[in-house]
Amino acid sequence: MALTNFAGTVAVITGGASGIGLATARALRAKGAHVVLADINSEGLRKAEQELRQHNPEATTHILGIPTDVTNESQVQALMHQALDTCGSIDLVMTSAGIGRGGPIDTYSASDMRTIMDINFMGTYLCVQAALPAMRRQQGGHFVFLSSVAGKLGAPMLTAYCATKWAVRGFSIALRIELHGTGINVTTVYPAWVDTPMIHQEPDAMQRLNVQVMLTADHVASEILQAVTEDRRDLTLAPNPDIALMLHLMDEDQDKAERLAGEAFYHRTRQASEQQT
């Protein structure tokens, strides 16, 4: 059954201190939801709680900030237990904690690969493991997983990031099938570039990839809430014409899509190298 009314529901959001996570928390609280924010950034979490209270000071719903490392199983379990103890249920879990470190595969270390996989994918898996028992008892609930258009395409210099987002995509498809008939639903979100702190961490990489940011966190949050109420399985947000074209080409002819993307990156890299010399 779709979650059509957020009033009185309990939402647990990882990566809730900033970006899409915080924007979604703000949108949910405006609709009367209790919000549990989880983030490894304790100071950012405290500021996010303050912002939510100031944004809607008359609201009486819970705002709970819980410092959480989503790669730590015991911390994720404690997060869900505390949400249950304080608010009484877990109706929505959104996994938006993530990092986006890029770089050439030649120099991308195994340690960095494990780190990004642990945060972006294992963090999602651990949240499902921890929240699922409560949702099964309730016979209902909704998961929202943040993948990316990088979970449908291949992006040079972002091989590790793509691997994690494809993992989230595959996991969500299999989980949705496994949970069929339980009243527990899954929406997977595939946004293009969003104006969040993540994209500002590596400006050089973003410039090399010729990134054009056309989405805001608030817009994505609004689309997510609408997708949940409609029980949509796939929410793809790709206003960038080049990304929209590549998504279409991937559906029509994956070989052609990969070849064109490779040629474009090759020529861009060669041109940049010639300019430097």
(request) List, by chain and number, the other hydrophobic cluster members for I177, where Ile, Leu, Val, Met, Phe, Trp and Tyr join if side-chain heavy atoms come within less than 4.5 Å, directly or indirectly. (result) I173
(message) Please enumerate all residues that pass side chain to side chain donor-acceptor pair (under 3.5 Å) together with D118, with sequence neighbours excluded.
(response) none
(message) I'd like to know if the side chain of T182 reaches the main chain of I184, judged simply by a donor and an acceptor atom lying under 3.5 Å from each other, with no hydrogens or angles considered.
(response) yes
(request) Using atom types as modelled and distance alone, determine if a side-chain donor or acceptor of T164 lies under 3.5 Å from a backbone N or O of I116. (result) no
(message) Can a donor-acceptor pair be found, under 3.5 Å and without considering hydrogens, that links the side chain of R29 to the backbone of L52?
(response) yes
(message) Checking H62 now: which residues fulfil ring pair (Phe, Tyr, Trp, His ring centres under 6.0 Å) with it, not counting sequence neighbours?
(response) H34
(request) Report yes or no: do Q54 and Q50 form a side-chain donor-acceptor pair below 3.5 Å? (result) no
(request) Determine yes or no for a side-chain-to-main-chain donor-acceptor pair under 3.5 angstrom, with T86 supplying the side chain and Q82 the backbone. (result) yes
(request) Indicate yes or no: does D234 engage K152 in a salt bridge with an N to O separation below 4.0 Å. (result) yes
(message) Side chains of S172 and R233 only: does a donor on one sit below 3.5 Å from an acceptor on the other?
(response) no
(request) Output yes when a side-chain donor or acceptor of Y190 lies under 3.5 Å from a complementary backbone atom of R169, and no otherwise. (result) no
(request) Is it possible for you to say whether M214 and V149 belong to one hydrophobic cluster, with membership spreading through side-chain heavy-atom contacts below 4.5 Å? (result) no
(request) Run the salt-bridge test on E49 and R53 with the 4.0 Å N-O cut-off and return the result as yes or no. (result) yes
(request) Please check if the side chain of S147 supplies one atom and the backbone of K165 the other of a donor-acceptor pair under 3.5 Å. (result) yes
(request) Look up atom OG1 in T71 and atom CD1 in I40, then write down how far apart they are to the nearest 0.5 Å. (result) 6.5 Å
(message) How long is the straight-line distance from CZ of R26 back to OG of S222, given to the nearest 0.5 Å?
(response) 12.0 Å
(request) Without swapping roles, check the side chain of W166 against the backbone of A150 for a donor-acceptor pair under 3.5 Å. (result) yes
(message) Could you check whether any side-chain N or O of N120 sits under 3.5 Å from a backbone N or O of I99, counting only pairs where one atom can act as donor and the other as acceptor?
(response) yes
(message) For Y108, I'd like to know if atom OH has over 12 heavy atoms of other residues, nucleotides or ligands within 6.0 Å.
(response) yes
(request) Tell me, please, which residues at least two apart from F121 pass ring pair (Phe, Tyr, Trp, His ring centres under 6.0 Å). (result) F171
(message) If you count heavy atoms of other groups shown closer than 6.0 angstrom to CD of E263, is the number above 12?
(response) yes
(request) Hey, could you give me the CG/NE2 distance between L92 and H142, rounded to the nearest 0.5 Å? (result) 7.0 Å
(request) Mind checking the CD-CD1 spacing from Q138 to I90? Nearest 0.5 Å is all I need. (result) 7.0 Å
(message) Looking only at side-chain N and O atoms, does E73 offer a donor or acceptor that is under 3.5 Å from a partner on Q77?
(response) no
(message) Quick one: does any side-chain atom of N240 pair with a main-chain N or O of D242 as donor and acceptor, under 3.5 Å?
(response) no
(message) Please tell me whether L126 and L179 are part of a single hydrophobic cluster in this structure, the criterion being side-chain heavy atoms less than 4.5 Å apart.
(response) yes
(message) Whether the side chain of D91 engages the backbone of V10 through a donor-acceptor N/O pair (distance < 3.5 Å, no angle test) should be reported.
(response) yes
(message) Under 4.0 Å between a side-chain nitrogen and a carboxylate oxygen: does that hold for E43 and R46?
(response) yes
Side-chain donor-acceptor pairs under 3.5 Å in residues 12-24, sequence neighbours left out?
unit_1	atom_1	unit_2	atom_2	d
T14	OG1	S96	N	3.1
T14	OG1	A97	N	3.3
T24	OG1	I20	O	2.7

(message) Can you list everything that forms a side-chain contact (heavy atoms from CB on, under 4.5 Å) with T216? Sequence neighbours excluded, please.
(response) D218, H219
(request) Kindly confirm or rule out a cation-pi arrangement of K31 over F6, judged by NZ or CZ under 6.0 Å from the six-membered ring centre and within 45° of its axis? (result) no
